[in-house]
Amino acid sequence: MRLRFAPSPTGPLHIGGVRTALYNYLLAKKNNGKFILRIEDTDQNRFVSGAEKYIQEALEWCGIIPDESPFIGGPFGPYRQSERKHLYRKYADQLIANGSAYYAFDTPESLDSKRKEDPNFIYGHKVRMQMRNSLALPEAEVQELLANQTPFVVRLKIPEKESIAFSDLIRGAVSFQGSDLDDKIILKGDGWPTYHLANIVDDYLMQITHVIRGEEWLSSTPHHILLYKMLGWEDKMPHFAHLPLLLKPSGKGKLSKRDGQALGIPVFPIDWVSNNDHFDGFREKGFLPEAVINFLALLGWNPGDERELFSLSELIDSFDLKNVGKSGSRFDIEKAKWFNQQYIIHKEPQELAKLVLPILKRHQIDADLNTAIAFCQLMKERVNLLEDFWTNGYYFFQPVENYDEKMVRKKWSIEFRPIFEHYLSLLQELVEFTAEKIQALTNEFMELKTLSPGQILPVLRLGLAGTMKGPAVFEMMELLGKERVIERMETALTDFDNMS
RNA sequence: GGCCCGUUCGUCUAGGGGUUAGGACGCAGGAUUUUCAUUCCUGUAACACGGGUUCGAUUCCCGUACGGGCUACCA
């Protein structure tokens, strides 16, 4: 079994594209087959530099690693269509020779004006004999045009009486009438093939067995099937499966770059930077690749039971096209965040620390690994995104920026001051500054002064973190260390006095 | 407009001729917790509409509505 993902390097890979790649990858791996990455760069006008590298990096971040690609090669290379240009022409010629395709000399301008006078204009059986092509023009004229290097395209001659039916692995029976179809261009004026030709030739040559692609290709599938027949490759035709599209979180239409901008949600796997725009990806927003993959996999597919959390290898085991839905899925960032939270919670603190260290560094904090590990251990159940480690826990690394004044006023009263000063002096004498010892000391102290936890703990929390949210206060104190705890509490008590 | 595809809680979805239509996210409430979060429990909420077929349709068929895709010398 051989599957491919065949993007065009026209910009950053959309998250929907990642899902398509993922499904191809999963099906290939499940069947011990190969997953191939092929770059479809036949449109020179739309080429965007950096896009190809982006695709490679994005897939790598997601863990979707091709067995054959332009970067690592393989037995069916090259894997970039621009490097295969010489291959396509002969198949176009073959189709002309057997009467399945023809030369067309119409200028883009003449086609434009045809479309203007008839919005339903289709370059097909009804009009082809009125156009300037090798079917309508006398043979001698055609030869002359060709000899004079007149620009031409090659069009597929669609048999209008034929009904093209096929079984889509996701949608079941789908059929089209030849009479509705247009004579698609397969070779452009610049000598490059269009998607339709290049795609079929390459899938055939690369022995692709299954084509899983977006629903936007469903309407050109009859052309592709016809191409297989006309080229005599019908018995080698792959199975087709058309995926429903990803829809925007609310409102109409499919998920777009604009949604990312408007809603502040990532629509790309990793960040995209070019001279005129910059988009953060899931990676930059603090998502774990495992979470993104898991979320994406479940957007349109289900395992058939009620499991939700899947590693990549579990996805490989469970994946089946039978369980892919037919309707488009809305992109819900809240669910994505939930997956992320789950993965953060289940990740080892040492693994997390490796991801959190660079975030701390961005905030000019140079923490050592052990501190970062302890920090992650304390915080991991309290974050959704990686960046939350900083926003919700910055006070472990620098002074409190602001206090929750409302809570301070509620919990603090100026006459508590001697009590806390006493408490701090006891802390000062504590030899082993561990959560356990601090807790023992605190309990003893509360008993001595007949204080309740509610009177002392919130004040400590507020003083050390500025907020009521956070890890267990004794754990917090241990990680902060004696010096910082005492110093921070002393300044806090003064601040509190000023607030109340 | 034409062609093609689709439609179960707000969202992701399971199911399928007779079910209290199940799960998850979210939201609400509760338990645990010194706080927050986690965890656990409870609640909230859906078969687009109209005709058939049938003893019986959410499930099958046909329409309608709505949504999506395509309709380029783009992929």
Side-chain angles (χ1 to χ4, degrees), chain A residues 6-10 40-43 45-46 104 106-108 111-112 115 118-123 151-155 168 170-172 174-177 179-182 184-196 198-199 213-222 242 244-245 247 249-250 252-254 295 298-309 323 325-339 341-342 345 379-384 392 404 407 411 442 446 452-462 465 467-474 476:
Chain A
S8 286
T10 54
E40 310 228 326
D41 53 351
T42 53
D43 187 353
N45 302 320
R46 293 215 308 158
D106 315 271
T107 63
L111 291 173
D112 277 351
R115 291 192 185 99
D118 176 11
N120 289 332
F121 176 81
I122 294 175
Y123 203 124
F152 67 86
V153 300
V154 176
R155 283 183 184 271
D168 187 279
I170 292 171
R171 281 150 212 285
V174 179
S175 66
F176 294 83
Q177 293 307 316
S179 52
D180 292 328
L181 270 26
D182 64 330
K184 280 219 183 312
I185 291 174
I186 56 170
L187 200 74
K188 298 184 268 187
D190 60 9
W192 287 83
T194 59
Y195 171 91
H196 309 292
N199 191 264
R213 73 221 307 194
E215 194 184 357
E216 70 268 30
W217 295 108
L218 191 55
S219 354
S220 40
T221 303
H242 290 92
L245 267 20
L247 273 19
S250 62
K252 293 181 173 189
K254 58 176 180 177
F295 167 65
L298 268 326
L299 218 49
W301 169 82
N302 72 82
D305 55 43
E306 279 164 0
R307 286 173 300 160
E308 293 235 79
L309 263 14
N323 293 326
K326 297 178 174 68
S327 48
S329 325
R330 275 190 203 278
F331 183 87
D332 179 12
I333 196 71
E334 289 307 319
K335 187 104 185 203
K337 282 183 187 167
W338 177 80
F339 277 109
Q341 183 186 44
Q342 293 298 312
I345 289 171
M379 292 302 294
K380 67 176 193 163
E381 283 180 1
R382 283 164 254 268
V383 298
N384 287 168
N392 299 346
D404 181 343
M407 278 314 285
K411 296 290 177 184
T442 310
M446 290 191 297
S452 70
Q455 290 173 287
I456 182 149
L457 268 17
V459 176
L460 286 174
R461 180 179 294 287
L462 253 7
T467 168
M468 287 300 286
K469 300 178 182 179
V473 77
F474 301 121
M476 222 164 94

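Lettering follows sequence order; numbering is per chain, from 1. The figures that follow rest on heavy atoms only: side chains count, while hydrogens, waters and symmetry mates do not.
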N/O donor-acceptor pair, side chain [X] with base [N], under 3.5 angstrom:
| X | N | result |
| --- | --- | --- |
| A:Asn120 | B:rG1 | yes |
| A:Arg171 | B:rC5 | no |
| A:Arg330 | B:rC12 | no |

Can you identify which nucleotide, out of [options], has its nearest atom closest to the [X] side chain?
| X | options | answer |
| --- | --- | --- |
| A:Ile185 | B:rA14, B:rC73, B:rC4 | B:rC73 |
| A:Asp332 | B:rG68, B:rC36, B:rC25 | B:rC25 |
| A:Leu111 | B:rC73, B:rG6, B:rC5 | B:rC73 |
| A:Glu334 | B:rC4, B:rC73, B:rC25 | B:rC25 |
| A:Phe176 | B:rC12, B:rA75, B:rC4 | B:rC4 |
| A:Lys335 | B:rU35, B:rC25, B:rC73 | B:rC25 |
| A:Ala472 | B:rA14, B:rG67, B:rU34 | B:rU34 |
| A:Pro458 | B:rA75, B:rC4, B:rU34 | B:rU34 |

Taking for each residue the nucleotide of RNA chain B bearing the nearest heavy atom, is the 5' side occupied by A:Leu299 or by A:Lys252?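 It is A:Leu299, whose closest nucleotide lies nearer the 5' terminus.
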Under 4.0 Å, counting only non-hydrogen atoms across every strand here, what does [X] touch: a base, just sugar-phosphate, or nothing?
| X | answer |
| --- | --- |
| A:Ser219 | base |
| A:Asp168 | nothing |
| A:Ser452 | nothing |
| A:Trp217 | base |
| A:Pro471 | base |
| A:Gly189 | base |
| A:Gly300 | sugar-phosphate |
| A:Thr10 | nothing |
| A:Lys254 | sugar-phosphate |
| A:Gly304 | nothing |
| A:Tyr195 | base |

For A:Asp106, check salt bridge (Lys or Arg N to Asp or Glu O under 4.0 Å) against everything at least two apart and list the hits.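 In terms of salt bridge (Lys or Arg N to Asp or Glu O under 4.0 Å), with neighbours along the sequence ignored, A:Asp106 is linked to no residue.
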Any residue meeting side-chain contact (heavy atoms from CB on, under 4.5 Å) with A:Ser250, in chain and number order, not counting sequence neighbours: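 None.
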Between [N] and [M], how far is it from one [atom1] atom to the other, in whole Å?
| N | M | atom1 | value |
| --- | --- | --- | --- |
| B:rG18 | B:rU35 | P | 49 Å |
| B:rU8 | B:rA24 | C1' | 15 Å |
| B:rC62 | B:rU54 | C1' | 16 Å |
| B:rA31 | B:rG6 | C1' | 44 Å |
| B:rC47 | B:rC12 | P | 16 Å |

Measure [atom1]/[X] against [atom2]/[N] and give the value in whole Å, please.
| X | N | atom1 | atom2 | result |
| --- | --- | --- | --- | --- |
| A:Ile122 | B:rG2 | CD1 | P | 11 Å |
| A:Met379 | B:rU35 | CE | P | 17 Å |
| A:Glu216 | B:rC3 | CD | C1' | 17 Å |
| A:Phe339 | B:rU11 | CZ | P | 17 Å |

Go ahead and name the base partner of [N]; Watson-Crick or wobble counts if both distances stay under 3.5 Å, otherwise write none.
| N | result |
| --- | --- |
| B:rU39 | B:rA31 |
| B:rU54 | none |
| B:rU44 | B:rG26 |
| B:rC9 | none |
| B:rG1 | B:rU71 |
| B:rU20 | none |
| B:rC49 | B:rG63 |

So does [Y] get a backbone contact from the side chain of [X], meaning a donor-acceptor N/O pair under 3.5 Å?
| X | Y | answer |
| --- | --- | --- |
| A:Asn392 | A:Arg382 | yes |
| A:Thr42 | A:Thr194 | no |
| A:Arg46 | A:Asp41 | no |

Ring-plane angle category for A:Trp217 and A:His196, please: parallel below 30°, perpendicular beyond 60°, tilted otherwise.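 Perpendicular.
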Decide yes or no on side chain to side chain contact (heavy atoms under 4.5 Å, CB included) for A:Lys335 and A:Arg330, but give the supporting numbers first. CA-CA 11 Å; A:Lys335 187 104 185 203; A:Arg330 275 190 203 278; over 6 Å; no
Sort me out a list of protein N/O and nucleotides 39-43 of chain B N/O pairs below 3.5 Å, or just none if empty.
none

Is the phosphate of B:rA75 approached by A:Thr42 (side-chain N or O, under 4.0 Å from OP1 or OP2)? yes
For A:Leu218 and A:Asp168: C-alpha separation, side-chain torsions, deciding distance, then whether side chain to side chain contact (heavy atoms under 4.5 Å, CB included) applies. CA-CA 9 Å; A:Leu218 191 55; A:Asp168 187 279; 4.1 Å; yes
Does the pair A:Lys469 and A:Asp404 meet the rule for a side chain to side chain contact (heavy atoms under 4.5 Å, CB included), with working shown? CA-CA 10 Å; A:Lys469 300 178 182 179; A:Asp404 181 343; over 6 Å; no
Of A:Lys326, A:Arg171, A:Lys254, which meets salt bridge (Lys or Arg N to Asp or Glu O under 4.0 Å) against A:Glu215?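 Checked A:Lys326, A:Arg171, A:Lys254 against A:Glu215; only one passes salt bridge (Lys or Arg N to Asp or Glu O under 4.0 Å): A:Arg171.
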